[in-house]
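What's counted below: heavy atoms across the whole structure, side chains too, no hydrogens, waters or symmetry copies.
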Amino acid sequence: TGTAIRENSAYWCQDFLNDPCTVPWRARAENAGWRASAALPLRCDGKTVGALTLYLAEANALDPDIRALLTGLAIDISFALERFQSEAARANAESALRTSESRYRQLFESNPQPMWVFDEASLAFTAVNAAAIEHYGYTREEFLGMSIKDIRPPEDVEQLCDHLAKPHDSLHKAGIWRHRRQDASIILVDVTTHVLNFEDRPARLVLAHDVTEQVRLESALIESEAFNLSILDSVSTEIAVLDHDGIITAVNQPWRRFAAANSKAIGEVPRGTEIGANYFAACRDVGGSASESASAACAGIRAVLEGRIPAFQMEYDCHGPDVQRWFSMSVTPLGADRQGVVVAHTDITNRKQAEMETRALTRVIEQNPSSIVITDRAGNIEYVNPRFEQVTGYSPHEVVGKNPRLLKSGNTAPEVYVNLWSAISQGGDWRGEICNRRKNGELFWERATISGVKNEDGEIEHYVAVKEDITEKKNLETQFF
């Protein structure tokens with residue numbers, strides 16, 4: 001049998017009691033009545049995984065016909081093993097796919113923002129979530145019998161088709177569009193789409209954020225007779241009002257300060273930012289790395305002025321030699337007849353820096369040489385970093401939602417855990433050493449620091465544990481002391 005497996009070839013023993021290779025087993029063969037044997041390798045997935053072994057009561061019984069029969073039987077068994085493995089792999093893949101689909105369908109269905117999937121060829125709705133049904137007023141059955149053209153005002157359908165005919169990135173921010181609800185009311189929505197394959201057909205997932213009230217409030221503010229420069233100057237957002245030709249007709253004090261801060265000459269208002277200047281001309285004059293953003297801003301403003309889009313928004317950077325800054329620009333129409341637009345710039349530097357800090361912090365946690373565990377207030381694990389998996393052998397999906405007690409070895413005194421919870425539940429920190437057990441059953445020692453994370457009201461919402469594997473140090477202490 002061993003020879004058949006090692007050499008991946010059949011071994012035929014016609015005289016078991018006299019074959020030199022069977023010396024260790026002759027006494028057993030004599031008692032059992034073995035006089036001949038055959039061992040044929042069994043293969044699966046291109047590898048030898050075992051052998052088919054038979055013992056016969058007669059010497060020289062393995063004639064060519066018997067050999068052919070046994071060879072065919074070994075081939076059939078190998079084929080069956082291949083089929084079993086293939087079926088098991090397929091079943092596992094199907095189970096994983098069903099689990100993944102269920103998870104993403106749940107996220108889709110429970111999203112508070114209206115979402116749907118439409119077929120790229122027919123434009124028909126193929127899936128809608130509960131938020132879309134509630135917000136738009138159509139039943140699920142009505143949605144699934146419509147196309148995305150049916151929720152647009154008739155006069156916007158041609159523009160929609162033109163937009164869809166153009167190539168777009170897989171993740172596409174389509175901008176603000178008019179949608180029609182079941183009661184015929186019109187809403188403004190900021191649309192973001194993402195390509196996907198739905199039921200084996202090209203499709204797009206759509207997230208629709210209703211900005212009707214936001215746009216209405218901005219427009220009402222501009223149209224209101226009560227609007228005046230004192231109110232305009234009181235807001236921190238830099239605002240300029242442009243007429244239909246792009247001429248600046250009004251600016252607020254934050255706009256002036258912003259323009260002066262970006263002037264090449266100290267205290268001088270840059271050309272193209274003052275009242276009476278042509279904003280489009282100023283954007284065309286922008287050079288260097290900012291020229292692309294300036295061109296995009298011009299195109300967005302023109303699109304709003306010409307009524308091609310209801311509003312426009314973009315983010316851009318405006319870095320100086322010694323400072324980095326980011327801004328958000330929004331453009332809304334001035335008046336129902338679009339005799340102009342309101343351009344508002346908001347400093348979003350703090351948000352951008354916070355995002356960068358968050359990304360940096362994430363990298364620090366992910367790449368930290370210590371194990372990091374974050375739990376909820378009840379002690380259920382919400383996050384572990386890669387080092388945790390390296391130390392314990394448990395992957396994140398095996399521990400998220402479970403209590404860290406799954407690592408307990410039973411070798412740490414109960415009063416240690418009592419003191420631990422007493423300290424952290426009262427808002428303090430706990431530091432100490434704990435003997436835990438890895439997934440493979442191995443014991444290991446950790447030096448841990450565990451602290452509570454409080455919310456704005458001072459209540460503990462999470463616990464964070466930073467742990468260092470000190471097993472090797474413990475072993476050295478035991479060895480030398």
State plainly whether the residues Arg216 and Glu213 are in salt-bridge range, i.e. N to O under 4.0 Å.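 So Arg216 pairs with Glu213 through a salt bridge.
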
Is the shortest side-chain N to carboxylate O distance from Lys352 to Glu315 below 4.0 Å?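 Salt bridge present between Lys352 and Glu315.
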
Not counting sequence neighbours, list each pair that qualifies as a ring-ring contact (aromatic ring centres under 6.0 Å, His included) and has a residue in [range].
range: residues 388-441; result: Trp421-Tyr463
range: residues 360-381; result: none
range: residues 128-153; result: Trp116-Tyr136, Phe125-Phe143, Tyr136-His179, Tyr138-Phe143

Residues in side-chain hydrogen bond (donor to acceptor under 3.5 Å, both in side chains) contact with [X], at least two apart in sequence or another chain:
X: Ser185; value: Arg181, Asp183
X: Ser422; value: Gln426
X: Asn129; value: none

Counting heavy atoms not belonging to Asp457, are there more than 12 under 6.0 Å from its CG?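 Yes, enclosed.
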
Looking at Arg351, I'd like to know if its CZ atom is crowded, meaning that more than 12 non-hydrogen atoms belonging to other residues, nucleotides or ligands lie closer than 6.0 Å.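 Yes, CZ of Arg351 has more than 12 neighbouring heavy atoms, counting only those of other groups under 6.0 Å.
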
Side chain to side chain contact (heavy atoms under 4.5 Å, CB included) involving Glu382 - partner list, sequence neighbours excluded: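 Glu382: side chain to side chain contact (heavy atoms under 4.5 Å, CB included) contacts with Ile374, Asp376, His462.
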
Go through the structure and list residues passing side chain to side chain contact (heavy atoms under 4.5 Å, CB included) with His163, not counting sequence neighbours.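 His163: side chain to side chain contact (heavy atoms under 4.5 Å, CB included) contacts with His168, His172, Ala174, Trp177.
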
What residue pairs, at least two apart or across chains, pass salt bridge (charged side-chain N to carboxylate O under 4.0 Å, His left out) with a residue in [range]?
range: residues 140-150; value: Glu109-Arg140
range: residues 154-172; value: Glu155-Arg178, Asp156-Arg178
range: residues 393-420; value: Glu398-Lys439
range: residues 123-136; value: none

Can [X] and [Y] be counted as having a side-chain donor-acceptor contact under 3.5 angstrom?
X: Asp429; Y: Ser451; result: yes
X: Arg43; Y: Ser78; result: no
X: Asp119; Y: Thr126; result: no
X: Asn455; Y: Glu461; result: yes

Counting distance only, does the side-chain N/O of Arg431 pair as donor-acceptor with the main-chain N or O of Ile450 below 3.5 Å?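 Not confirmed, Arg431 side chain does not pair with Ile450 backbone.
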
